[in-house]
Amino acid sequence: MLTVHVAPLVLPVGAAAVVEGAVAVDGDRIATIGPYEEVAAAHPAARVRRWPGLLVPGLRQDRARELLTRCYHPDPREADELGELPLWGEEFERIAVTMDTVRRAGSVRRGLQRMLRHGTTHVVGPFGADEPALRTAVSRSGLVQVQGAGHAGPPDLDPFAAGGGLAATAHGPLAVGGRADFAVFDVPDEAALRAGGARFCVATVLAGRLVHRAR
């Protein structure tokens, strides 16, 4: 079923912003991008999802490998003891000493879920043949694996933590005929998105599927 995603501002990247914009999705592809009234008129039978804030291309997580292999993502039941943020460095090494396969797999799964909750649609590997469980988990998540370079500093679930703007942090532009990989953030504009970060993500769409919804 064709779905029209509507937001107060659509930033395709590489093209003009669209106020009161919409993205029509047919299967896993973008069918139309433009003002809502025009998109709705072109697809009168489509289901409509209305979002607050800003609709942009999905984000690229350059530190994905470290976040999945060198960080521990606590189970919600461990929050009182370990908190909710990824543990890395000495804290990770302390836990890793006693971490069995099941606990490690749970951490990877939660890490992938939390990336989706931060608007991530693409992850930088590599996730090689020597790590079949990790590669399978990433594949099952639907996140797209890409090549790229990392950056210095602690791993962070927020792709904007590296300091780049939207054009540098997005996986690429939204384009008619391209894969429907995008995210929505409850902020008014790009400046607010950079300042507040990806924690304001309210929806993530991967290949046309709504894989995260905060409201």
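This structure is a prediction, so every number in the text was calculated from the model and none was measured. Starting from 1, each residue takes its place in the sequence as its number.
- Partners of Glu93 according to the side-chain hydrogen bond (donor to acceptor under 3.5 Å, both in side chains) rule, which considers only residues two or more places apart in sequence or in another chain, are Arg70.
- With contacts defined as side-chain heavy-atom distances shorter than 4.5 Å, the pair Val202/Arg213 does not qualify.
- You'll find the side chain of Pro12 stays beyond 4.5 Å of the side chain of Pro173, heavy atoms only.
- Distance CZ/Arg179 to CG/Leu174: 12.5 Å, rounded to 0.5 Å.
- Not a single donor-acceptor pair under 3.5 Å links the side chain of Glu81 to the backbone N or O of Glu78.
- Applying the salt bridge (charged side-chain N to carboxylate O under 4.0 Å, His left out) criterion to Arg114, with sequence neighbours excluded, gives no partner residue.
- Nearest heavy atom pair, residue Thr120 against residue Val123, reads CG2-CG1, 4.0 Å.
- Minimum interatomic distance between Ala203 and Leu210 (heavy atoms only, all atoms of both residues): CB-CD1, 4.0 Å.
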For this session: Start with the C-alpha distance between Leu157 and Met115, add both sets of side-chain angles, then the distance that settles side chain to side chain contact (heavy atoms under 4.5 Å, CB included), and finish with yes or no.
Result: CA-CA 6 Å; Leu157 286 166; Met115 288 183 198; 4.0 Å; yes
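- Between Thr69 and Arg104, the closest heavy-atom pair is O-NH1, 4.2 Å.
- In this structure, Arg194 and Leu166 have side chains that are not in contact, with every pair of non-hydrogen atoms separated by 4.5 Å or more.
- Under the 30°/60° scheme for interplanar angles, the aromatic rings of Phe185 and Phe160 are found to stand perpendicular.
- Not one N or O on the side chain of Ser139 forms a donor-acceptor pair closer than 3.5 Å with the backbone of Arg135.
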For this session: Quick one: do Arg209 and Val205 satisfy side chain to side chain contact (heavy atoms under 4.5 Å, CB included)? Show the steps, please.
Result: CA-CA 5 Å; Arg209 297 182 299 113; Val205 173; 5.8 Å; no
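- One hydrophobic cluster holds both Ile30 and Trp51 under the rule that ILVMFWY side chains link at heavy-atom gaps under 4.5 Å.
- Note that CD of Gln113 and CG of Leu143 are 10.5 Å apart. Values are rounded to the nearest 0.5 Å.
- The pair Glu84-Arg110 fails the salt-bridge criterion, with no side-chain N (NZ, NE, NH1 or NH2) lying under 4.0 Å from an Asp/Glu carboxylate O.
- When all heavy atoms of Val184 and Pro52 are compared, the pair lying nearest together is CG1-O, 3.3 Å.
- Salt-bridge annotation for Glu91 and Arg94: absent, with no side-chain N of the basic residue lying under 4.0 Å from a carboxylate O of the acidic one.
- Hydrophobic cluster membership for Ile95: Tyr72, Leu82, Leu87, Phe92, Met99 (Ile, Leu, Val, Met, Phe, Trp, Tyr linked by side-chain heavy atoms under 4.5 Å, directly or transitively).
- Within the 4.5 Å cutoff, the side chain of Val23 has heavy atoms near those of the Leu55 side chain.
- The nearest pair of heavy atoms linking Leu9 to Pro188 is CD2-O, 3.8 Å.
- Remark: Asp186 CG to Cys201 SG distance equals 10.5 Å, nearest 0.5 Å.
- For Ala167, the side chain to side chain contact (heavy atoms under 4.5 Å, CB included) test picks out Val13, with sequence neighbours left out.
- Contact of the Arg117 side chain with the Thr204 side chain is not registered, since no non-hydrogen atoms from C-beta on lie closer than 4.5 Å.
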Exercise. Given Leu54 and Asp189, is the side chain to side chain contact (heavy atoms under 4.5 Å, CB included) satisfied, shown in steps?
Worked result: CA-CA 6 Å; Leu54 190 64; Asp189 52 34; 5.6 Å; no
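- Between Phe182 and His5, the ring planes are perpendicular. Angles over 60° get that label, and only those under 30° would be called parallel.
- In this structure, CD on Glu66 lies 10.0 Å from CG on Leu68, to the nearest 0.5 angstrom.
- His73 places none of its side-chain heavy atoms less than 4.5 Å from the side chain of Leu112.
- Asp181 places no side-chain N or O within donor-acceptor distance of the main-chain N or O of Leu206, the cut-off being under 3.5 Å.
- Annotation: side chain of Pro8 is in contact with side chain of Glu20 (closest heavy-atom distance under 4.5 Å).
- Under the 4.5 Å side-chain contact rule for hydrophobic residues, Val211 and Leu67 share a cluster.
- Here the NE2 atom belonging to His43 is positioned 11.0 Å from the OG1 atom belonging to Thr3, to the nearest 0.5 angstrom.
- Between Leu59 and His171, every side-chain heavy-atom pair lies at or beyond the 4.5 Å cut-off.
- Closest approach of Ala22 and Val4 over heavy atoms only: CB-CG1, 3.7 Å.
- Using a 4.5 Å cut-off between side-chain heavy atoms of Ile, Leu, Val, Met, Phe, Trp and Tyr, with links allowed through other members, Val18 and Leu11 fall into different hydrophobic clusters.
- Partners of Asp26 under the side chain to side chain contact (heavy atoms under 4.5 Å, CB included) rule, at least two apart in sequence or in another chain, are Leu2, Ala31.
- Residues meeting the side-chain hydrogen bond (donor to acceptor under 3.5 Å, both in side chains) test with His212, sequence neighbours left out: none.
- Atom CD of residue Gln61 and atom CG of residue Leu116 lie 11.5 Å apart, to the nearest 0.5 angstrom.
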